[in-house]
J.: 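Pasting a structure below so you can have a look.
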Amino acid sequence: MPDPNAVQSDPNATPVTLPDPNQPAPALDVAQIKSRLNLPETATDLEVITALAELVSIMQQKYDALLSDAVTLQDNVANRDLADFKDVITPETQEFWQTSLLANRDEAIRILTSIRKDNSATPPAAPQPVRVPLANRLAAAPKPMSELAGGSTTADDKRAVAIRNRAHDIARLEKRPWSEAFTRAEKEISQ
């Protein structure tokens with residue numbers, strides 16, 4: 001039967017038994033402590049306590065330096081991850097993702113990867129249509145009537161101008177409708 005006081009965080013690890021709080025603490029071997037601290041056998045309790053306090057101070061300094069290095073490395077890793085996912089992370093959400101990466105990097109990377117996959121699955125936006133001006137708005141060079149009529153000769157052009165001018169005169173002088181004046185001018189010019 002397993003020990004109920006055993007602490008086991010990894011199921012494959014050997015269980016560690018916690019000391020029973022009801023039993024007295026084991027006696028300390030002061031001679032062994034003095035030899036580890038490189039103190040003589042004749043050292044007083046005050047010298048042992050002072051040496052232990054200095055040892056704790058040195059250990060605290062080393063711990064603080066290691067903690068500072070670890071925080072710097074975590075920030076560097078988080079900044080690198082932010083740069084890797086700059087296509088997914090917006091400037092407004094950058095602080096949130098940096099905090100998430102520091103708190104639980106594996107889960108944050110999994111979520112960012114799934115967001116990237118979702119974004120890549122959506123089709124890219126359609127390109128903006130090219131604006132073509134309407135055909136009647138294009139600046140075109142004026143074309144002569146003969147070109148528009150499709151190859152009329154200059155004699156025909158002169159005849160048409162003469163008919164138009166005569167029809168205009170008839171309509172103005174005799175106060176006739178344009179269609180009647182044009183028909184009469186056409187008969188006069190063709191004779």
Side-chain angles (χ1 to χ4, degrees), residues 1-140:
M1 176 168 192
D3 185 3
N5 290 332
V7 175
Q8 188 173 358
S9 58
D10 183 9
N12 299 328
T14 307
V16 176
T17 305
L18 294 176
D20 187 7
N22 297 330
Q23 290 193 359
L28 296 176
D29 186 9
V30 179
Q32 184 182 12
I33 293 173
K34 287 180 183 179
S35 68
R36 286 191 178 198
L37 294 174
N38 294 327
L39 294 175
E41 287 288 325
T42 58
T44 63
D45 288 343
L46 182 61
E47 290 173 331
V48 171
I49 292 172
T50 305
L52 286 173
E54 288 174 8
L55 180 63
V56 168
S57 174
I58 291 170
M59 302 262 308
Q60 184 65 43
Q61 289 173 357
K62 288 181 180 180
Y63 171 77
D64 290 341
L66 285 173
L67 184 62
S68 170
D69 290 346
V71 168
T72 302
L73 288 174
Q74 278 183 333
D75 287 342
N76 289 344
V77 169
N79 289 338
R80 188 194 70 217
D81 290 337
L82 288 173
D84 288 345
F85 288 99
K86 68 182 175 189
D87 58 323
V88 176
I89 299 173
T90 62
E92 297 83 26
T93 61
Q94 188 168 4
E95 185 176 330
F96 166 78
W97 284 112
Q98 185 169 21
T99 305
S100 297
L101 285 167
L102 290 174
N104 189 351
R105 182 174 182 267
D106 293 335
E107 186 65 17
I109 295 244
R110 185 187 66 74
I111 292 170
L112 286 170
T113 304
S114 69
I115 291 172
R116 180 181 280 163
K117 286 179 186 175
D118 289 345
N119 285 349
S120 66
T122 59
Q128 292 291 338
V130 177
R131 293 183 52 98
V132 178
L134 296 174
N136 63 350
R137 303 291 196 271
L138 292 175

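Along the sequence shown, the residues carry numbers beginning at 1.
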J.: Excluding sequence neighbours, so at least two apart, what forms side chain to side chain contact (heavy atoms under 4.5 Å, CB included) with Pro40?
T.: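 In terms of side chain to side chain contact (heavy atoms under 4.5 Å, CB included), with neighbours along the sequence ignored, Pro40 is linked to Thr42, Ala43.
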J.: Between Ser100 (side chain) and Phe96 (backbone), is there a donor-acceptor pair under 3.5 Å?
T.: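 Side chain of Ser100 to backbone of Phe96, a donor-acceptor pair under 3.5 Å: yes, one is there.
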J.: To the nearest 0.5 Å, tell me how far Leu67 CG sits from Thr72 OG1.
T.: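 Leu67 CG to Thr72 OG1: 9.5 Å, rounded to 0.5 Å.
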J.: Can you list everything that forms a side chain to side chain donor-acceptor pair (under 3.5 Å) with Asp84? Sequence neighbours excluded, please.
T.: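 Result, side chain to side chain donor-acceptor pair (under 3.5 Å) vs Asp84: none returned.
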J.: Could I get the full list of side chain to side chain donor-acceptor pair (under 3.5 Å) partners for Gln128, not counting sequence neighbours?
T.: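 In terms of side chain to side chain donor-acceptor pair (under 3.5 Å), with neighbours along the sequence ignored, Gln128 is linked to no residue.
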J.: Can you list everything that forms a side chain to side chain donor-acceptor pair (under 3.5 Å) with Ser114? Sequence neighbours excluded, please.
T.: none
J.: Return the minimal non-hydrogen interatomic distance between Ile109 and Leu101, and the atom names on each side.
T.: CG1-CD2, 3.9 Å
J.: By side chain to side chain donor-acceptor pair (under 3.5 Å), which residues pair with Ser68, not counting sequence neighbours?
T.: none
J.: Taking only residues at least two apart or on different chains, which pairs with a member in residues 44-57 satisfy salt bridge (Lys or Arg N to Asp or Glu O under 4.0 Å)?
T.: none
J.: Please table the atom pairs, donor to acceptor, closer than 3.5 Å between any side-chain atom in residues 56-63 and protein atoms at least two apart or in another chain.
T.:
residue, atom, partner, partner atom, Å
Gln60, NE2, Asp64, OD1, 3.0

J.: Specify the closest pair of heavy atoms between Val88 and Arg116, including all atoms of both residues, with the distance to one decimal.
T.: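 Of all heavy-atom pairs spanning Val88 and Arg116, the closest is CG2-CB, 3.7 Å.
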J.: Which residues satisfy the side chain to side chain contact (heavy atoms under 4.5 Å, CB included) test with Ala31, sequence neighbours excluded?
T.: Asp29, Glu41
J.: Restricting to side chain to side chain contact (heavy atoms under 4.5 Å, CB included), what partner residues turn up for Ile49, sequence neighbours left out?
T.: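 Not a single residue meets the side chain to side chain contact (heavy atoms under 4.5 Å, CB included) criterion with Ile49.
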J.: Report the C-alpha separation of Ile111 and Trp97 in whole Å, then their side-chain angles, then the decisive distance to 0.1 Å, and conclude whether the side-chain contact (heavy atoms from CB on, under 4.5 Å) test is met.
T.: CA-CA 10 Å; Ile111 292 170; Trp97 284 112; 3.5 Å; yes
J.: Listing request: all salt bridge (Lys or Arg N to Asp or Glu O under 4.0 Å) pairs with a residue in residues 97-111, at least two apart in sequence or in separate chains.
T.: Asp81-Arg105, Glu107-Arg110
